[in-house]
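Numbered from 1 within each chain, the chains take letters A, B, ... in sequence-line order. Since we're looking at a predicted model, the values are computed, not measured.
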Amino acid sequence: MQYISPTTVDEAVHALSSATGACRILAGGTDLLVQMRAGMKRPDTLLDIKRIDALHQITAEDGGWRIGAAVSGAEMGEHAALVSDWPGVVEAVNLIGSTQIQGRATMAGNLCNASPAADSVPALVAANAVARVVGPHGQRDVAVLDIPSGPGKTTLEPGEFVASTYLPARGARSADAYLRFIPRTEMDIAVVGAAVSLTLDADGICTAARVALGAVAPKVLLVEAAARALIGSRLDAPALDALAEACSAAAKPIADKRGTVEFRTQVAGVLARRATLIAQTRAGGPA
Amino acid sequence: MALDNKTDAGKRQFKIVGTRPLRPDGVDKVTGRARFGADMSAPGMLVGAVLRSPHPHAQIRSIDTTRARALPGVHAVVTRADFPTVDDAAIADILDNCMAGDKALYDGHAVAAVAAASGAVARHALELIAVDYAPLPFVTDVDAAMKPDAPALHPSRADETVPPGLSANVMARHQFGHGDIEAGLAAADRVLERSYRTEATHQGYIEPHACLASVGPDGKADLWCCTQGQYMVRNTCAAILGMEQGSLRVTPSEIGGGFGGKTTVFLEPVALLLSKKAGRPVKMVMSRDEVFRASGPTASTSIDVRIGMTKDGRITAGFAELRYQGGAYPGSPVDMGSMSAFAPYDLEHVKTIGWDVVTNRPKQAAYRAPGAPMAAFAVESAIDELARGFGLDPLEVRLKNAAREGTRASYGPTFPAIGLEATLRAAKDHPHWSAPLGPNQGRGVACGFWFNFGGDTCVSLNITPDGTVTVSEGNPDIGGSRASMSMMAAEELGIPYEKVRTIIADTGSLGQNDVTDGSRVTFAVGLATIEAARAAKREMCKRAAQVWGIDADAVIWEDGAVRPVSPNAGKHPPMTLAEIAAIASNTGGPIAGHCEVNAEGAGVSFGTHIADTEVDPETGAVKILRYTVLQDAGKAVHPDYVEGQFQGGAVQGIGWALNEEYIYGDDGRLQNAGFLDYRIPVASDLPMIDTVILEIPNPGHPYGVRGVGETPIVPPLAAVANAVSHATGVRLTHLPISPPRLLAAIRAK
Amino acid sequence: MPRVKLWGSLAASIDGQSEVEVRARTLRELLDTLKQEYPALRPQLDRGVSVAIDGVIYNDDWFTPIRDDSEVVLLARLKGG
Amino acid sequence: MSAIHVTTTINNDATEFLCAPDETLLDVLRDRLGLTGSKEGCGSGDCGACSVMLDGRLVCACLVLGAEAEGRTVATIEGMAVGETLHPLQRKFLEHAALQCGICTPGFLIAAKALLERHPDPTEEEARYWLAGNLCRCTGYDKIIRAVLDAAAEMREAG
């Protein structure tokens, strides 16, 4: 096995496409090193992208934010302007693991690990975020929704990796929120996750919304029926009931050591409702 | 030597006992200098690793280690074939658990081990070992294992207490109690019948098992390991390997938690055998995954309870049938559960029946008051349900039925002075009990009991020439016991605490000591320390009398010095310990005191816990809002560490109640062998844990000490469950009260 | 003669006698006599028992004295964590 | 698999070591450098017993490769006291009896120090959440949290 730590994206792309055997990207390493220790992954090459300065940046771009693939959760949490624009995305990233994990874990790593329960992914999908994928054939932008394809699997081609994630411009009276359910107060994997991003008009009527769920299907779910339940409403009780119902209906979870089908289905609606109310308050609340 | 000075408990004014000095090993532990099990190393050391069965139950047809042996860097490979045959049944089970014989009996069961130049080579070598398994039907659930057609782990191992015709997995039947249950139940206004289940939990010590073995070609061996009992390790390994106990010296490292889980051996005999074969020291450290899969979790249980109560809250009879699976070998703590289930209550009619059952799970080990928390969960839940059903205060009902001095205990003997009633009254008077509750909040109370015991104990106390004192004792310091021993020695000798240093001896330095378990150390080692100090004092009195030229009877020890007993004995200024120490060579030689004793006479300990919970009715999440532990400690030698035992035990119990469980899949394999999904409480899950120490002296100890370590884990399971029931109106009879279980119950209401 | 209370499993093995009289002045004499007079108790006694004498629990100490009026209760061998 | 040569700074000492590409920083500290104060409780980032500071960030050394330490600074429990003088957190842990077995203590101290560097006046809740990645099985956390809050108060007074 070898360890390489290129200092530019081009070098990394070159190294990745020319590596023989299995090559894994090492960003925060909080999933990969655990999987290697458990013998689940045995890469021939580890490509550490943390020495690439460009991937450490949080950059304002077209009113939105571009977040490099090597930016840790802690760094995102300390970026006041980013937190102000996308509190739901940042809180989702900051829920991943302990303080110690926050010092290492990256949002791009969370995305590419492709766990159905990844905390940041529903928030990114609700935010309509776009991943910038680089590879031997150049770069392409892909909706975050389309990166994971199933548990542990992504749509990335051989030789490709996610270099950054773009959060679009945040409009006025818009906000997002993410909630997850875990049995303890910290240190667990989401049993259910729900993210809501919405925009209110001056009267408090919801004009746009995206609702995404985690841990209730093989990959993140964008629940358009749930968004439709909110749009045009004042986020009053009937709208929230409809939202919760749509989320529970969309959820197609499995039963496993972390939760039952019934529990996940039920709580998906509960969390979506609560996240909506938080996003509403953040967006300026009812008129 | 007579241990006759036991009656000063309770009236004695202490100078040091009861204060809170800093622990002597503290600086090493806050600076990283303290050496724990995995911190040991030796020149030329190899690294050992274990191959484990992926099957819950399988015949081992053959093991081919040829390729592993041929791998460069591999120095030894062992399988069961390399171990001698053992006759003693208990030792044979321990050996079989350390290294499988004909059958692998659980997921994670050791089947082979290697010693290699590095961990990487050792792990590679394991992959080269070919084991031919023939998988067998398996069973991991206690009730399923008791069905007559269940897959059998062992042919005909049941003892004579088991009636014929039952599943071969039933190993023993226990029965306790007195009176006439049916008559008692007939006198009740209501008889409650409930079935309860608890899942297996793990002690969850943060330090994985680790050891370093070095066996010479002459057969003399040294072993360093983290254990609750170096003598137990020595004796068990010697028995397994056919060694003489005197040829194996075991030195305990600092121990990173045990809670009962380090009262047996797992790696140690394997490391010794690997070292013997390799001719080099071998170090072995378990991974966390191995700790969960292949050390000794506690039993999972299934318990039926019938309790009768009159409408004014008098319990007329209590019956429980308890089924505990203890993993793949006999010996689940169902006997302890059956004895302790009703111990807090004064019952005319009481009966418990316990069934010891084997399943395809790792061999259980002791876990803090082994067997008692599950039984208390069942009984304390049922009493709570009955009390609330009659509209009675559950605390008053417990007071009304509380065992007290003179009560015939449910397990047989008559209680001497005990502290249960004191803890209940203190609970009733505590502001917690009357604090207001908000919506979705509930309060629960529960009692708990543990026997405590003493056992073989040696202490050697040496007076150095400059008058400082060293105490050698043979029980690993698992939570501040060096401080307690130093305090008791200083108290007895009348010298400052700082003048005493307590060390934990290796097996070559003292006689046999029982394991650090059963809440025995402060009681038994404390007793031996006091007696050793008294022996030294007697000697010092003799020396001073000799110097003064008077009779030894004419002097007394007072305030750290020898004095003439009266003016008639002559005018001699007091001779201090330091002064006597300085002239020891001139007066007969070094001065020491020692005590070797089987310390019987431990006092039982009772506790009452109050828990407040808040339940999220939409998700089933339970938050612990407030928690208070009230327990009888006899005499709290170092109150900080008594409080620490109360708090730590309570939080382990809270974890057991809410989230911790061994989860087995349909394939019979453990699904949550890590701290991610075996969810022990984290700091943000908890409030401060309030404590109230009651002191009802134990007449069997010179200072009145009772064991305190185990009782605190007994009440929390029921206290939390009762609080959740109070908050939600639904009663969970299956632990843990995980959110999916609770939400389903709330929605079904 | 001290009367010895037996726990249920032991009693069951000697036809339900939950209390027996045993001539014994020490713990050792007690256990030896029990084994002699009630061979059916032997397997359990050999596996180990604890004994409560006047409410205090003893495990092994042979010469623990027993008075004629002592309350003696056999218990399953105590374990601890 | 050839060894990697790493030059780094540990507890202010310039340090060089060789390690395998897949060897964790924790293994390097413990097995190659004799710094056994950082403990391995899980090897998967779930217990915090191996907490160290890497370039001023709190991390689990079991989730960092030794090779990643190249050119960086590492601080471990062995560097926390200055000569004979304990850090206030170390002192308060002793005074409050915030340890029983002591295996989690080095990790808690490193994590608590990182907390107080960022939040000199944490609430009890902030301290509990910050330290949620450090498991303790002995104490129930009560005395640990008290020690951290008391150390914070003393450090604020000392300015």
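Listed for the B:Gln647 side chain is no donor-acceptor partner under 3.5 Å among the backbone atoms of D:Asp142.
The two residues B:Asp640 and D:Ala97 have their closest heavy-atom pair at CB-CB, 3.6 Å. Smallest separation of non-hydrogen atoms from B:Gly32 and D:Glu78: O-OE2, 4.4 Å. Across B:Phe675 and D:Gly41, no two heavy atoms sit closer than the pair CE1-O, 4.0 Å. The shortest non-hydrogen separation linking D:Phe93 to B:Val30 is CB-CG1, 4.2 Å.
With a threshold of 4.5 angstrom between heavy atoms, D:Leu94 approaches chain B through its backbone and through its side chain. If you measure heavy-atom distances from B:Val291 to chain D, you find no contacts under 4.5 Å at all. With a threshold of 4.5 angstrom between heavy atoms, D:Leu135 approaches chain B through its backbone and through its side chain. Both the backbone and the side chain of D:Arg146 come within less than 4.5 Å of a heavy atom of chain B. Interface remark: B:Gln645 contributes backbone and side-chain atoms alike to the contact with chain D (heavy atom separation under 4.5 Å). There is no contact between B:Pro476 and chain D, counting heavy-atom distances below 4.5 Å. For chain B, no part of D:Ser44 is nearby; none of its heavy atoms comes within less than 4.5 Å. Contacts of B:Ile689 with chain D are made by both backbone and side-chain atoms, with heavy-atom separations under 4.5 Å. Contact of B:Glu207 with chain D is made through backbone and side chain together, with heavy-atom distances under 4.5 Å. In this structure, chain D has a heavy atom under 4.5 Å from the backbone of B:Ile255, while its side chain stays farther away.
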Inset, instruction - Carefully, step by step, assess D:Glu95 and B:Leu22 under the rule side-chain contact (heavy atoms from CB on, under 4.5 Å). - result: CA-CA 6 Å; D:Glu95 289 173 13; B:Leu22 300 188; 4.2 Å; yes
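When side chains are defined from C-beta on, B:Phe259 counts as touching D:Cys138, because their heavy atoms get closer than 4.5 Å. Residues B:Ile206 and D:Lys39 have side chains not in contact (no heavy-atom distance under 4.5 Å, counting atoms from C-beta outward). B:Glu643 has its side chain within reach of D:Lys143: a pair of non-hydrogen atoms, C-beta onward, lies under 4.5 Å apart. For the pair D:Glu124/B:Met688, a side-chain contact is recorded, criterion being any heavy-atom separation below 4.5 Å from C-beta on.
Between D:Arg128 and B:Asp685 there is no salt bridge, since no side-chain nitrogen of the basic residue lies less than 4.0 Å from a carboxylate oxygen of the acidic one.
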